[in-house]
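Before any comments, here is the structure.
Each chain gets a letter, A, B and so on, in the order its sequence line appears, and its residues count up from 1.
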There are 2 protein chains.
Amino acid sequence: MKLGDGVEQSIHCTAALSGLSAGGVLSAAALAEFHGVSTSYLLKHLQALSGAGILETVPGPKGGYRLAKRPEDISLLDIVLAVEGPAPAFRCSEIRQRGPNPLPQRYFTKPCQITAAMLRAERAYRAELASTSIADILAELSADDDGGIAARGCAFMELHERKAAR
Amino acid sequence: MKLGDGVEQSIHCTAALSGLSAGGVLSAAALAEFHGVSTSYLLKHLQALSGAGILETVPGPKGGYRLAKRPEDISLLDIVLAVEGPAPAFRCSEIRQRGPNPLPQRYFTKPCQITAAMLRAERAYRAELASTSIADILAELSADDDGGIAARGCAFMELHERKAAR
DNA sequence: TTAATCGTAGATATTATTTATCCACGATTA
DNA sequence: TAATCGTGGATAAATAATATCTACGATTAA
């Protein structure tokens, strides 16, 4: 059971974009530099996020990415599903049907109870993720510390703008 | 996010072993044939389960595997952790610290809130798995159907015993 | 005692997936 | 019109999962 690095990158990028002032954008290159990760790889996840309606893109010079909706309307589940895909972690390959001594077919009219239990756990996982929004993350950060992700995003954007002005 | 096939095999094997009569065992080869999977690969998982104290082994001719404790004392979480390892699915690589504009160090005295949220979801997942035992699975199966995993395990064991007698 | 059977452990191959990179393309705007 | 950006697909490299094999030690039925 493992979650790809893309999830961490995507959540941090979304949080950083939440700190932008109205109309502001950050390019994929700027986001990658900001987080110290590969631009071309981050691009893949950013496209997944824009495809899922979490981010939107502004083409052309001075273009980039920004949030497609309010931080409080973006849950961690939205991001995880966009990046990792909707498939559940547990997949039943029906090995109960593969043995040498076949059971009566009516035994299989009900779904595998093991699968049902595993998916129940996964629903609990997703429910918890769905109940946490990007806005919640930002609120927890700024509640007890002056150096929040949002503020850092702003600082970096200014840096980026200065660089572009040169 | 993905769970290995070993989890499904391990749970089904544990359920099958729950159906054995007192003192009965099933060899790794028998369990593999029963489920139609590779013996040598299943072996790896069975060893993990016995190492975790879920199964125990009986060596020698007529040896094999059996439960090390009662079905109601074996949770799905026990099995998942034994097979997949205890590491959480989400791992924070602290990309927030990697950017070009370092933040004041005191910003990092608190753990990453994103990580905290992801681990909170994972705790919910594990709690749900911990609350379901092998006995629960068997009960749900036999509640409304005569062909339960336990009964099938018995039938197969008898088949296996007959084979050994020859 | 002996030979068969079983599990243990580690090494190793094979396959699949993830991660990462690159390039040609179309859209937009200074 | 030229620079900059995102899009999308192809592709390579790295990593992890899957699967197999071999030698070994323990146990027990004959």
Side-chain angles (χ1 to χ4, degrees), chain A residues 1-10 13 17 23-33 35-52 54-66 68 83-85 87 89-91 93 95 160-161 163-166, chain B residues 1-10 13 17 23-33 35-52 54-66 68 83-85 87 89-91 93 95 160-161 163-166:
Chain A
M1 173 131 169
K2 210 183 72 177
L3 228 48
D5 295 342
V7 173
E8 184 183 7
Q9 296 180 14
S10 297
C13 283
L17 290 174
V25 297
L26 276 179
S27 72
L31 282 167
E33 185 191 354
H35 291 108
V37 300
S38 151
T39 303
S40 40
Y41 187 42
L42 178 62
L43 219 42
K44 188 178 189 174
H45 302 307
L46 292 176
Q47 286 175 214
L49 292 173
S50 81
I54 296 168
L55 303 184
E56 63 184 12
T57 63
V58 178
K62 306 282 175 184
Y65 288 92
R66 66 182 169 210
V83 174
E84 292 278 318
F90 181 86
R91 279 140 308 169
S93 51
I95 66 173
H160 183 248
E161 295 289 328
K163 206 184 291 178
R166 265 186 254 132
Chain B
M1 174 132 167
K2 211 184 72 177
L3 229 48
D5 296 342
V7 172
E8 184 182 7
Q9 297 182 14
S10 296
C13 284
L17 290 173
V25 297
L26 275 180
S27 73
L31 282 167
E33 186 191 353
H35 291 108
V37 299
S38 150
T39 303
S40 40
Y41 187 43
L42 178 62
L43 220 40
K44 191 179 189 173
H45 302 308
L46 291 175
Q47 286 175 214
L49 293 172
S50 81
I54 296 168
L55 303 183
E56 64 185 11
T57 64
V58 178
K62 308 280 177 185
Y65 288 92
R66 66 183 169 208
V83 174
E84 292 277 319
F90 181 85
R91 280 139 307 168
S93 52
I95 66 173
H160 184 248
E161 295 288 328
K163 206 184 293 177
R166 265 185 256 136

- Message: Please report the distance, rounded to the nearest Å, between NZ in B:Lys62 and C1' in C:dA3.
- Response: 15 Å
- Angle between terminal axes - the helix from C:dT1-D:dA30 to C:dA30-D:dT1, 5 pairs each end, rounded to 10°: 10°
- Could you pull out all residues at least two apart from A:Val58 that satisfy side chain to side chain contact (heavy atoms under 4.5 Å, CB included)? A:Val25, A:Arg66
Polar pairs (N or O, both sides) under 3.5 Å between protein and nucleotides 19-21 of chain C?
residue : atom : partner : partner atom : Å
C:dT19  : OP1  : A:Asp5  : N            : 3.4
C:dT19  : OP2  : A:Tyr41 : OH           : 3.4
C:dT19  : O5'  : A:Tyr41 : OH           : 3.2
C:dT21  : OP2  : A:Ser38 : OG           : 2.3

- Looking at residues at least two apart in the chain, or sitting in another chain, which of them share a side chain to side chain contact (heavy atoms under 4.5 Å, CB included) with B:Ala52? B:Ile54, B:Ala82
Using a cutoff of under 3.5 Å, can you pull out all pairs of nitrogen or oxygen atoms linking the protein to nucleotides 7-10 of chain D, with atom names and distances?
residue : atom : partner : partner atom : Å
D:dT7   : OP2  : A:Tyr65 : OH           : 2.8

- Exercise: identify the closest heavy-atom pair between A:Val83 and A:Val7: CG1-N, 4.0 Å
- In short, B:Gly6 meets B:His45 closest at the heavy-atom pair CA-NE2, 3.4 Å
- Task: In whole angstrom, give the distance that lies between atom CZ of A:Arg66 and atom C1' of D:dC5.
- Result: 14 Å
- Residues passing the side chain to side chain contact (heavy atoms under 4.5 Å, CB included) test with A:Ala48, sequence neighbours excluded, are none
- Item | Closest non-hydrogen atom pair, B:Thr57 against B:Tyr65 | CG2-CE2, 3.2 Å
- Hey, what do you get for CG (A:Leu17) to CG (A:Leu49), rounding to the nearest 0.5 Å? 9.0 Å
- Item | B:Leu26 CG to C:dT5 P, straight-line distance once rounded to whole Å | 17 Å
- Message: Measuring from atom NZ of A:Lys44 to atom OG of A:Ser10, what distance do you get when rounded to the nearest 0.5 angstrom?
- Response: 11.5 Å
- Query: Who pairs with A:Ala32 by side chain to side chain contact (heavy atoms under 4.5 Å, CB included), at least two apart in sequence or on another chain?
  - Reply: A:Val37, A:Thr39, A:Leu42
- Note on the structure: Checking D:dG6, D:dA3, C:dG7 against the side chain of A:Pro61 (C-beta onward), the nearest is D:dA3
- Message: What is the separation between atom CG on B:Leu31 and atom P on C:dC6, rounded to the nearest whole Å?
- Response: 12 Å
- Query: Can you list the residues that meet the side chain to side chain donor-acceptor pair (under 3.5 Å) rule with B:Ser38, with sequence neighbours excluded?
  - Reply: B:Ser40
